[in-house]
Colleague: 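This structure is in structure tokens; I'll ask about it shortly.
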Amino acid sequence: MAKRFFILLSVALAVLSLALAGCESLKRAEPIVPVKEYEKMIAGRFDANYVGTGNCLKACHFHDKIRQDFEASTMGAQMSGRTGMPIVDCESCHGPGSLAIEGLTEEGVKADAREGKQTECDYDTFIDIENLPAPALSLICLKCHTANATFNLHNWNAGSHAVNDVSCSDCHKVHAGPDLVVKPRDTFQMCYGCHLDVKAEFSLPNHHPVPEGKITCVDCHDTHSTTEDELLRMDSIKATCTQCHAEKEGPFVFEHAGQTEECISCHHQHGSVNSYMLVQSEPFLCLQCHTGHPHNTGVTFDAEQKAASYTRCTDCHTSIHGTDIPSPGGGGRFIQ
Amino acid sequence: MTGKRKLKCLLILSFCGLLFFGRDAVAQDYVQVYEFPKIEPELTMTSGYGFVFDSGSRRAGKFRYLKDSPTIGVELVAFPIPHRIHFEVDFLNKNDYFVDARYAYKDIILSRWLNNTVYHNLDNITLFDLNSATASPGVDVRDVGSNYWLRMEQNKVFLRLKTPDFPFHVYITGRIVDKRGTVQKRFLGGSGYFNDEVRISQKRDINWDTRDVTVGVNSHLGPLEVDFSHIEKRFDANSDWVMTEAYTATTSTPVRAAGTYPHSLVPDTESSTNTLKVHTTYTGRLAASLTLSKSEHDNRVSGTTTDFLTAAGDLRWMPVTKLTFTFKYRHKDKDVANPSTLQDGYYGLSTNPTSFTGIRPSISLKSDTFSGNMRLRLMKGFTLHSGYTYKKTDRTNAALWDVSPSTTENTFHCSADIKVHKKVKLKGKYKYRHTDSPAYNTQPEDTHEGRVSLALTPTERFMAFFSYDFMRGDSDNIVLVVDSIATGGRDVESNRVFGNLTFIFGDKLALNTGYGYLQSSVEQGHAYGLTAPTQIIYPDVIYDDKAHNISASVDYSPVENVDLKAGINYTQSEGEFSPDNFSVASLSKIEVRETVYTASARIGLPHKWDLGFRYELIDLDNLMENPQNPTYSDGEVHFLLVSLSKKW
């Protein structure tokens, strides 16, 4: 019993030590093994020193609004040493600022201000953020956020946004205000900026109410990437759709084989010309895989039966997503 | 070394580690405490009234509650640091409102509540009796003139707690989706056989709830970060979970006696999922993540179960900043277990003969996907991407369903991003996929997809974007279920053109125009009847749909504190199914024109008051008037909102 207790205690302490070690490496904000190019990209110039936001902005009030917004944001809140989190300030992203303010004095800045001039720093000594390639730009954020238990970034690095050169700042405007989160009802306008095809799909007569602002792109997609294609929020297409359409999820006694794999075999997720957002209208949709009922034989079907059968298959096959009740003819024909 | 000694050594090492790292933690107390700035809170309150005028088809205002209503809006942003508060309410009417409330305390508490509603005016589709002289197929319309609607309310809550000074998080998320309304239910009555068919439409009240709760923890374990979460999801159809109908007797085998039987059953379901996520990064150049997820889904009515196992691994390697490799692996295992037979008396059904209730085992799946991608920045302004994906899917019980037991997909893609000039960007993309033995005819054996786009910003005041997308797919010989009837090849095609122009005139006027064209078509053979000589095959039947979308918007600020906006969004779409020698084409043709006009104004008044107007006209014009289906008739909705707001 005692031995078991000691094993458990040892394991717990070892895990705790490892955890603290991980946290410590974070606090030092050091790469695990220094790689020159990486450090240069993140730090900017090695011959510059960190001087702190206070020194950067001591005399120049040009950036005060940005500073105030930033300090009120989630990242700014971490500027307190008491949080034990990395100190996030201007130089965390822009690189060390000693060279930028070299030669400037508080008096000189004030003198310029009296003449109505803004004293400019030597911006060229900062990281050239505007011209960084997207993966490097994202790394400025990821240096903290991939090592900060930010688990919505779990799949970011191999996700389609990252692979296709979308960076964090394409969506998050760090200097726009204290609120870095995009408002849910504004997301579709932001996404439309790149996805014009999706915007057009949402204009079709049958669509999910995204343009109306009733649901948002992020209800289905996690822009930070997931394990699924198309950045789907859930583990599969069906799991994503049944977040809202749970009545069609099943499992059912009688399953529709096509629905086993994909809802999008039959439905277009954004919008369609056809009712119920079908990719093709009925009965064409169904006749792609299924043989139609007999007709034109002079025996079984007359014109009325043809019309009845080939207007909407789902008028009769009403439980097409699956059912627990057998059909009148036996088995699963989705009639009941 | 004995076991006891090993344990002692391990304990000592652990305590040494704690002491070592604890020393730095103590040293942190000497860090100067930061003084947060004082930021004044901002509060905006809006009150107004929304007027709605509608005529014709309610489809025109399909996502609007078509009643007048007072409106209220509140937006509060306050930073009494270390507390951070955001609160936003937008109440348009009792069926259309939105709430976003966020509260955070330092980085220790992070919480959010999101609420939104969707109101949907649904169609009342008229079942048309083509020949009232014949009893079968007949119609029984029990819902003449009924207005159908659905209201979905979604509440999402999120709470994350963090230990002070250490990145260990506990979080809980909850989601409640409440769907209520009156919907149309169409189903088949009579005996259900061709000699006794009655198509029925009637009302159905629904009251469905979906609830899911996620509880999780995450933290650092040295260089690794680990997250574990557990999800419970439950769907309840509540009182109106099944409908019943008096069916006549079936005369063909298997015979079912006349009686009242259930139909349109919506089962209660539940599921639970455990997910483990691990990731690590090595200076950002090497990043890896692993996800393992196991899920169990139960149908609480029939006892059918499905188990899911998902494994996912990602690896990104950036040897130099110009070159990036990403590798992914996905494994999915879906195991469905439906009962082999239903018990006698199951919802009033007799299992005599057993063929009546015979159950075909569902398809279970296993798939493995490997993919590799490369990104190469050849020179400044010229980036190449390429990638390859291999996917194999194996299915059980496939023969029972006439689908392929195994499908293999090989996909290759490449793209180039070229900055021809600082103001001209060109992108090209191509993807080819070959599929061996697709399970369903809707998946082509060979697919070619591509996109070309051009972005121009000749001046800061003019931006242009154009793109063309295409897709071509084909299969050599498709086979229809049941009886494996071959109907020849299948071709699919899609073409899309998009354009967008933005003009900015000075500081006061901006104009944006856009055009989109979407076209898709499928050509394949259809078969009617199961066996010769009654079987008929029509080759090369074409389905085609296309849509044109034109939009324009203008923003104008003639003087300070006055903003005027106007816009138009015009969409004309049509779809057609043209079976040769088979006269149901008119029933499958659709042609709809929808135009949305919007205009809004905001006029700033003294003392931070604002006067606002918003007008919207939706004009739905059905170009294919179909007397057999008056649901799709023309309609108009006018919406006017007048509001007054005050900011503090």
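Letters go in sequence order (proteins before strands), and every chain restarts at 1. Model, not experiment: these values are computed from the prediction.
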Colleague: If I measure from the heavy atoms of chain A, does B/Asn299 come under 4.5 Å with its side chain, its backbone, both, or neither?
Modeller: both

Colleague: Given heavy-atom pairs under 4.5 angstrom as the criterion, report whether the side chain, backbone, both or neither of B/Phe168 touches chain A.
Modeller: neither

Colleague: Measuring heavy-atom distances to chain A, does B/Leu224 have an atom under 4.5 Å in its side chain, in its backbone, in both, or in neither?
Modeller: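 Neither; nothing under 4.5 Å.
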
Colleague: Side chain, backbone, both or neither: which part of B/Arg186 has a non-hydrogen atom closer than 4.5 Å to chain A?
Modeller: both

Colleague: Does the separation of the ring centres of A/His207 and B/Phe63 fall below 6.0 angstrom?
Modeller: yes

Colleague: Count the heavy-atom pairs under 4.5 Å between each of A/Asp219, A/Thr227, A/Ile215 and chain B, then report the option with the highest count.
Modeller: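 Ranked by contacts with chain B, first place is A/Thr227.
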
Colleague: B/Thr326 versus chain A, heavy atoms under 4.5 Å apart: side chain, backbone, both or neither?
Modeller: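 Just its side chain gets close to chain A.
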
Colleague: Side chains of B/His120 and A/Lys214, heavy atoms from C-beta outward: is any pair under 4.5 Å?
Modeller: no

Colleague: Going from CG on A/Leu287 to CG on B/Asn441, what distance comes out if it is rounded to the nearest 0.5 angstrom?
Modeller: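 Answer for the CG-CG pair, A/Leu287 versus B/Asn441, is 11.5 Å.
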
Colleague: With only heavy atoms counted, which part of B/Lys277 is less than 4.5 Å from chain A, the side chain, the backbone, both or neither?
Modeller: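 Its backbone and side chain both get close to chain A.
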
Colleague: Using a cut-off of under 4.5 Å for heavy-atom pairs, which of B/Thr304, B/Val403, B/Thr117, B/Asn338 has the most such pairs with chain A?
Modeller: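 The residue among B/Thr304, B/Val403, B/Thr117, B/Asn338 with the greatest pair count is B/Thr304.
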
Colleague: Could you tell me whether A/Asp229 and B/Arg330 have a side-chain N and a carboxylate O separated by less than 4.0 Å?
Modeller: no

Colleague: Please report the interatomic distance CD(A/Gln243) to OG1(B/Thr210), rounded to the nearest 0.5 Å.
Modeller: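 Between A/Gln243 CD and B/Thr210 OG1, I get 10.0 Å after rounding to 0.5 Å.
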
Colleague: Name the option with the most non-hydrogen atom pairs under 4.5 Å to chain A; the candidates are B/Val177, B/Leu265, B/Leu315, B/Val266.
Modeller: B/Leu265

Colleague: Tell me, please, which residues at least two apart from B/Ser551 pass side-chain contact (heavy atoms from CB on, under 4.5 Å).
Modeller: A/Lys199, B/Asn569

Colleague: May I ask you to test the A/Phe252-B/Pro267 pair for a side-chain heavy-atom distance under 4.5 Å?
Modeller: yes

Colleague: Out of curiosity, A/Gln288 CD to B/His526 NE2, how far, rounded to the nearest 0.5 Å?
Modeller: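 Here the rounded value is 6.5 Å.
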
Colleague: Measuring heavy-atom distances to chain A, does B/Thr305 have an atom under 4.5 Å in its side chain, in its backbone, in both, or in neither?
Modeller: backbone

Colleague: With only heavy atoms counted, which part of A/Leu285 is less than 4.5 Å from chain B, the side chain, the backbone, both or neither?
Modeller: neither

Colleague: For the interface with chain A, which of B/Ser467, B/Ser191, B/Ser289, B/Ala312 has the highest count of heavy-atom pairs at distances below 4.5 Å?
Modeller: B/Ser289

Colleague: Give, as side chain, backbone, both or neither, the part of B/Glu88 having an atom under 4.5 angstrom from any heavy atom of chain A.
Modeller: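 Side chain of B/Glu88 only, per the 4.5 Å heavy-atom cut-off to chain A.
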
Colleague: Return the option, out of A/Asp197, A/Leu196, A/Thr323, with the maximum number of heavy-atom pairs under 4.5 Å with chain B.
Modeller: A/Asp197

Colleague: Just how far is it from atom CG of B/Asp545 to atom CG of A/Leu278, taken to the nearest 0.5 Å?
Modeller: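 With rounding to 0.5 Å, CG (B/Asp545) is 11.0 Å from CG (A/Leu278).
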
Colleague: Examine whether an atom of B/Phe498 lies under 4.5 Å from a heavy atom of chain A, and if so say whether it belongs to the side chain, the backbone or both; otherwise answer neither.
Modeller: side chain

Colleague: Given a strict heavy-atom distance threshold of 4.5 Å, which part of A/Ser319 is in contact with chain B: side chain, backbone, both, or neither?
Modeller: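 Contact with chain B: side chain only.
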
Colleague: Would you call the rings of A/His154 and B/His279 parallel, tilted or perpendicular, where under 30° means parallel and over 60° means perpendicular?
Modeller: tilted

Colleague: Look at A/Pro251, A/Ser138, A/Ala158 and state which one has the largest set of heavy-atom pairs under 4.5 Å with chain B.
Modeller: A/Pro251

Colleague: At a 4.5 Å cut-off on heavy atoms, which part of B/His385 comes close to chain A: side chain, backbone, both, or neither?
Modeller: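 Interface part for B/His385: side chain.
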
Colleague: Relative to chain A, which of B/Phe308, B/Phe327, B/Trp208 shows the most heavy atom pairs under 4.5 Å?
Modeller: B/Trp208

Colleague: With only heavy atoms counted, which part of A/Glu212 is less than 4.5 Å from chain B, the side chain, the backbone, both or neither?
Modeller: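 Contact with chain B: side chain only.
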
Colleague: Before giving the answer on side-chain hydrogen bond (donor to acceptor under 3.5 Å, both in side chains), spell out for A/Thr318 and B/Lys185 the whole-Å C-alpha distance, their side-chain angles and the decisive distance to 0.1 Å.
Modeller: CA-CA 8 Å; A/Thr318 189; B/Lys185 189 68 213 172; 3.0 Å; yes

Colleague: Hey, which of B/Leu114, B/Thr250, B/Thr291 has the most heavy atom pairs under 4.5 Å with chain A?
Modeller: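 Heavy-atom pair counts peak at B/Thr291.
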
Colleague: With rounding to the nearest 0.5 angstrom, report the OG to CZ distance, A/Ser281 to B/Phe577.
Modeller: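 Those atoms lie 7.0 Å apart.
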
Colleague: With a 4.5 angstrom heavy-atom cut-off, is it the side chain or the backbone of B/Arg64 that approaches chain A, or both, or neither?
Modeller: neither

Colleague: Name the member of B/Gly514, B/Ala547, B/Ser264, B/Ser295 that forms the most heavy-atom pairs with chain A at distances under 4.5 Å.
Modeller: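 Counting heavy-atom pairs under 4.5 Å, the top option is B/Ser264.
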
Colleague: A/Ala200, A/Pro209, A/Gly159, A/Cys244: which one forms the most heavy-atom pairs within less than 4.5 Å of chain B?
Modeller: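 Maximum pair count with chain B is reached by A/Pro209.
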
Colleague: Check each atom of B/Ser362 against the heavy atoms of chain A and say whether the ones under 4.5 Å are side chain, backbone, both or neither.
Modeller: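 The side chain, not the backbone.
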
Colleague: Quick one: are B/Tyr247 and A/Gln336 in side-chain contact, heavy atoms under 4.5 Å?
Modeller: yes

Colleague: Could you check whether any side-chain heavy atom of B/Leu127 comes within less than 4.5 Å of a side-chain heavy atom of A/Asp315, counting everything from C-beta outward?
Modeller: yes

Colleague: Within 45 degrees of the axis of the six-membered ring of B/Phe98 and under 6.0 Å from its centre: does A/Arg185 put its NZ or CZ there?
Modeller: yes

Colleague: Given a strict heavy-atom distance threshold of 4.5 Å, which part of A/His268 is in contact with chain B: side chain, backbone, both, or neither?
Modeller: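 Side chain of A/His268 only, per the 4.5 Å heavy-atom cut-off to chain B.
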
Colleague: For A/Thr226, which atoms come within 4.5 Å of any heavy atom of chain B: side chain, backbone, both, or neither?
Modeller: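 For A/Thr226, the backbone is the part near chain B, not the side chain.
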
Colleague: Answer yes or no: is there a side-chain heavy-atom contact under 4.5 Å between A/Glu249 and B/Phe235?
Modeller: no

Colleague: Using a 4.5 angstrom heavy-atom cutoff, name the option from A/Asn155, A/Leu204, A/Ile335 with the most pairs to chain B.
Modeller: A/Asn155

Colleague: If you count heavy-atom pairs within less than 4.5 Å of chain B, which of A/Ala162, A/Ala246, A/Ser272 leads?
Modeller: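 Top option by heavy-atom pairs under 4.5 Å: A/Ala246.
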
